[in-house]
Structures are given as structure tokens and as C-alpha cells.
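Throughout, a chain's letter reflects where its sequence line sits, starting with A, and its residues are numbered from 1.
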Amino acid sequence: MLPTLLEHTSTRVNAEIDPVLHIWGWEIAVYLFLGGLVAGLLILSSLLLWRPRDTAPARILQLAPLVALVLLSLGMGTLFLDLAYKLHVFRFYLAFRPTSPMSWGAWILVLIYPVAALSGLLALGPELQGKLLKKLPLVGVLAWAQRQRQVLLGATLAGGVGLGIYTGLLLGTLTARIQWNTAVLGPLFLTSGLSSGAAFLLLFKLDEADRHRLVRWDMLALAVEGVLIASMVLGFANAGAAGQLAADALLGGAWTASFWSLVVVMGIAVPLVLESIEIKKHLPLVAVTPALVLLGGLALRAVLLAAGQDSGFRLLP
Amino acid sequence: MNGEKRYVMVVDTRLCVGCKACVLACKAENNTPDGYCRDWIVEDIWGIFPNLRAEIRSERCNHCSNAPCVDACPTGASHKVEGGIVLVDHDKCTGCKACIASCPYDARYVHPEGYVDKCTFCAHRVASGKTTACVAICPTKTLHFGDVSDPHGEVAQLLASRRHKVLHPETGCEPNLYFLT
């Protein structure tokens, strides 16, 4: 048997690398959260608007794809703040590297803009469209978009799914960080994005039928999120020495308290219970539930981002 | 060997005394910024007192054959050149730090000027037929550098005749920094 490692000392004290890797801070946590939220908004609004309606939907649904673009721009803003060499940001768009999720993400982000903007035009009700057309010469664009309605909504949906999965894969493919070494992160971030998107829409005034549908979808997304988190922890716990370290961090280690209290209890369990009570008792929805879901989505990214950076191979013998 | 050039470094942990000459030679040769280093000294102690065993290692970028940093880089700034040396093209680097997160050896850092920096196996010296600065200065002949595809070369001979290991082979990165034990 190998003797136990008693002491490890290193002369390396590189900033942001030692003693614990800390290259990504709040900027990336906020970006990952907004990316997921935008993905959720694009997917849900495409689904809700799939069939043309006789009456215009609630204003927030009409504006959802455009609001998503504003939030996406905010997210890209925090992403930009994180870059160490900001003047070189254009370099993302002089290359496409198929092995790099970050390269995929950079291109997905720019492809989403025109598609979601056109979907956004379609989503506007006659009143808002009239106001917009008075200000901008978009009659031709609108007519073209209306002819391509299904294609555009389908492309927005696909863009949302791509965005949601990529934010998870971005971390999941960085295999040097044990806590991120799980393919579950892609679907987990996508599902969390869906529940965040639903929660965001539920903060606003909606038709009774749409509200009901969104609460049910939100409950489904939260339940799936719970299952994915359980799979993630089980996967780690049964994946050798490296996985054991990752499982320990969430089951008694440094990240246990924040993960279970903020992500699982506050962000998933409590909203799920509140929503089921609201549905069963036909109680009017309060803003507390969606706010908890949104805070839980942010906490999921923040905790996993920090826990992952704290889980390098240097922890293994 | 398939005849393709592959540069490796061999570190004799039986000879290293941790004098840090390699660290200083690198700083002088490559003008690394204050407070940062491209190579460093690690000292591990195993066992239970008084039965202890120590190992001193001079560490740096492993110039992995299956380099995750090159795969993670979104702009092609991290790339490979002849002999498998992994380099960062400062002009293409955005400082996104994906390569830093992908490196199991934490060999990279953000240079204060914004780009990501790390050991280059002194590619500028190797190109003119010289060895790396750390190897050149090592007073105990701990460090060896060369093309392992040459079976008669020094590094291939050392690896053929001495017991050796790499760090964290479980990453699958196929590192090219070998430690004689």
C-alpha cells in the first residue's frame, strides 16, 4: 500500500491559480444564469405562440423574445467584463473551433439575435406591431416573417435548446475540474433555464390559461431538475476516487450547506410545494414562488461554478 | 517510435534538491512578470513520522500529447507546434480562461497584460538548437530535455533504463513531463 501523503508544498503562488483556482467570479455565474433564463424564455414563448391565436396574448408574452434579447445582451455584457484581454474579443468571431464549447457558444449567441428578433416581431400583438411600424420601416420584414412563422418559431426553439445545453457543457467539458465532470450539467442547466424562464413570465400578468400552463411546466421542470441533481450526486458517488471527491463536496464537504439550502431547498423543493398548493387550492399565485425559482437558478450556477474551481486534480494523490 | 518528433522533459527526482535555479532561470530567460512563474518546485512528504519519504519535483506545463487546453481554446490561440510543444499565440488570446480551467496541472496563468501565459519548453531556444533555460542551468543535472522519438537520445535512454512516472495519468492527457523515481 502507498504511504499516505503527509505534506505537499509548492513554490508556485500564481494569482487566481493558487492556493485555489479562482479565475471565474460573479460575472460568469450571472452570465450562465441569464443564458439559461434566456434559453427558457425563447423555448417557452415559442411553444406558447406556436398556434396563432384569435386574441392577442398578455403583453409580457408578446414581448418575451425581445425581453430575452435584452437579458442576453446583459449576459454578454458580464461575459465581456470577465475577459482578461477585452480588446481581443473580436477573436471569437475570426475562428470556429468545433472542440471548444466556448466557440460554439460565441456563435450560438450571435445566431440567436436575428432569429429571436424576428420571432419577437411576430409575437407582438396588432397594437404593439402598429406602434412599432409607425416608428420603423419593417412592413416587408414582418410580412416575410409571417410567411415563415413555423420555421422562425422552430429556429428560436432550437436556438433556446442549444443555448441552454451549451451553458452546461461549457463547464461539463472542462474535465480538469472534477465537480464539473458530468454530462448531466447540460440537461440540468437547460431544465433550470426552463424553470427560470417560466418563473420570469409568472412574475407578470398573464391569461388564466397561460398562467396555469406555465405553472404546470415549471413544476415539471423543477421535478426533472431534482431528478437530474440526484443522478449527478449518485454518478459522482460511484465514479472512483475523483468522483468521490466531487460527491464529498456536496455530501458533507465545503459546498454542502450552500448547495442543499440555496439550490435544492430554496430553489426547487419550496417552490414545488408552493406551486402544488396553489394549483390544488386554486389560490392566486404570489410573486414569492417565481422569485425563489429565479434565485435558486442563480444559486445553482454560482455554487457549481465555485465548487468546480475548488475541485482540481491537485486534490488527488 | 513512429519517427515523429516529440519533445519531452525528464526530471530525476533522486537528484533534485529544490534549489529553484530552474525557476529563476526561467524568469530571467522569459521575463515572466513579478509574482508569477512558469515552473515551480513541489515537495511531497509521505508516511508517518519517523518513517518519512520525500520527493522534490521541478514542475511546469506537461505539453500533453492530448492537450485539453488546445481543445478548449475558442480562438485557436492555444496550439501545437513541431515536436508537440503547446504554445499560446498572445495575439489570438481573449483571456477567456477556458484553457486555465481545462488544465489538470494548473500550469497556466493570466499575464498582467491580459493574455494567458505558460511554459513554452523555451521554443525560441530549441529552434536554434539550444536546450531550455531550466535544463541549461540545473546544477545537479536533474533536468533533461530532448526528442524522445530518437531511441539513442538521452531522454529515450533514461526512460528505457530508469523507473519513471507521469503526474495524474488518469486524466488521459498523455503528459510529456516524466519523473524518474
Side-chain angles (χ1 to χ4, degrees), chain A residues 2-18 20-21 23-24 28 79-80 82-107 170-171 173-178 180 240-242 305 308-309 312-314 316-317, chain B residues 18 20 23 33 35-49 51-54 57 59 68-78 90-117 167-168 170-173:
Chain A
L2 275 173
T4 33
L5 185 66
L6 189 67
E7 189 157 275
H8 169 94
T9 48
S10 170
T11 62
R12 192 184 68 196
V13 283
N14 289 344
E16 295 186 331
I17 309 296
D18 302 299
V20 172
L21 191 78
I23 46 169
W24 287 331
I28 298 297
L79 197 57
F80 177 73
D82 173 73
L83 289 184
Y85 213 158
K86 294 183 175 57
L87 285 178
H88 279 189
V89 65
F90 67 93
R91 285 287 181 184
F92 280 104
Y93 297 106
L94 295 183
F96 172 63
R97 311 282 303 174
T99 56
S100 161
M102 211 177 268
S103 185
W104 279 94
W107 285 104
L170 182 63
L171 300 184
T173 53
L174 297 168
T175 51
R177 309 297 143 196
I178 293 160
W180 296 337
L305 187 73
Q309 295 182 79
F313 272 86
R314 68 174 94 180
L316 288 168
Chain B
K20 298 196 279 280
V23 180
Y36 293 88
C37 58
R38 292 180 179 184
D39 61 350
W40 57 92
I41 299 292
V42 167
E43 187 175 340
D44 279 346
I45 297 174
W46 291 277
I48 298 165
F49 187 82
N51 299 315
L52 300 177
R53 205 185 88 202
R57 299 189 299 268
E59 294 187 6
C69 50
V70 174
D71 283 346
C73 178
T75 66
S78 282
H90 299 167
D91 200 37
K92 285 187 182 169
C93 181
T94 63
C96 76
K97 297 169 276 192
C99 56
I100 298 182
S102 78
C103 175
Y105 305 101
D106 294 324
R108 296 168 163 246
Y109 60 87
V110 178
H111 191 283
E113 284 175 19
Y115 52 83
V116 169
D117 197 29
L167 297 178
H168 297 302
E170 69 274 22
T171 60
C173 298

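Note: B/His90 NE2 to A/Tyr85 OH = 9.0 Å, rounded to the nearest 0.5 Å. In this structure, CZ in B/Arg108 is found 11.0 Å from CD1 in A/Ile23, a value given to the nearest 0.5 Å. The OG1 atom of B/Thr94 lies 10.5 Å from the NZ atom of A/Lys86; values are rounded to the nearest 0.5 Å. The CG atom of B/Asp106 lies 7.0 Å from the CG atom of A/Asp18; values are rounded to the nearest 0.5 Å. Rounded to the nearest 0.5 angstrom, A/Leu174 CG and B/Cys99 SG are separated by 10.0 Å.
Closest non-hydrogen pair, B/Asp44 versus A/His8, comes out as OD1-ND1, 2.6 Å. For A/Ala176 against B/Ser102, the heavy-atom pair with the smallest separation is CB-O, 3.2 Å. Minimum interatomic distance between A/Asn14 and B/Tyr109 (heavy atoms only, all atoms of both residues): ND2-CD2, 3.5 Å. Nearest heavy atoms, B/Cys93 versus A/His88: O-ND1, 2.9 Å. The shortest non-hydrogen separation linking A/Ser100 to B/Ala72 is OG-O, 2.9 Å. Looking at every heavy atom in both residues, B/Cys96 comes nearest to A/Phe92 through CB-CZ, 4.0 Å.
The parts of B/Asp91 that come within reach of chain A are both its backbone and its side chain, each placing non-hydrogen atoms under 4.5 angstrom from that chain. With a threshold of 4.5 angstrom between heavy atoms, A/Thr173 does not approach chain B through any atom at all. Only the side chain of A/Ile17 comes within contact range of chain B, judged by heavy atoms closer than 4.5 Å. Only the side chain of A/Trp24 comes within contact range of chain B, judged by heavy atoms closer than 4.5 Å. With a 4.5 Å cut-off on non-hydrogen atoms, B/Leu167 does not touch chain A at all. Only the backbone of B/Cys73 comes within contact range of chain A, with at least one heavy atom under 4.5 Å from a heavy atom of that chain. Proximity to chain A is absent for every atom of B/His111, based on heavy atoms less than 4.5 angstrom apart. Neither the backbone nor the side chain of B/Glu59 comes within less than 4.5 Å of any heavy atom in chain A.
The residue among A/Leu21, A/Val13, A/Asp82, A/Thr175 with the most heavy atom pairs within less than 4.5 Å of chain B is A/Asp82. For the set A/Gly312, A/Ala106, A/Ala15, A/Pro101, the entry with the most heavy-atom pairs within less than 4.5 Å of chain B is A/Ala15. Taking A/Glu16, A/Arg97, A/Met102 one by one and counting their heavy-atom pairs under 4.5 Å with chain B, the maximum is reached by A/Arg97.
Among the candidates B/Asp39, B/Ile41, B/Val42, the single residue satisfying the side-chain contact (heavy atoms from CB on, under 4.5 Å) test with A/Thr11 is B/Ile41.
Annotation: A/Phe90, atom CZ; neighbour count of heavy atoms from other residues, nucleotides and ligands within 6.0 Å is above 12.
Without hydrogens or angle criteria, A/Arg177 side chain to B/Cys103 main chain gives a donor-acceptor distance under 3.5 Å.
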### Task
Could you check B/Thr75 against A/Ser103 for side-chain contact (heavy atoms from CB on, under 4.5 Å), going step by step and ending with a plain yes or no?
CA-CA 7 Å; B/Thr75 66; A/Ser103 185; over 6 Å; no
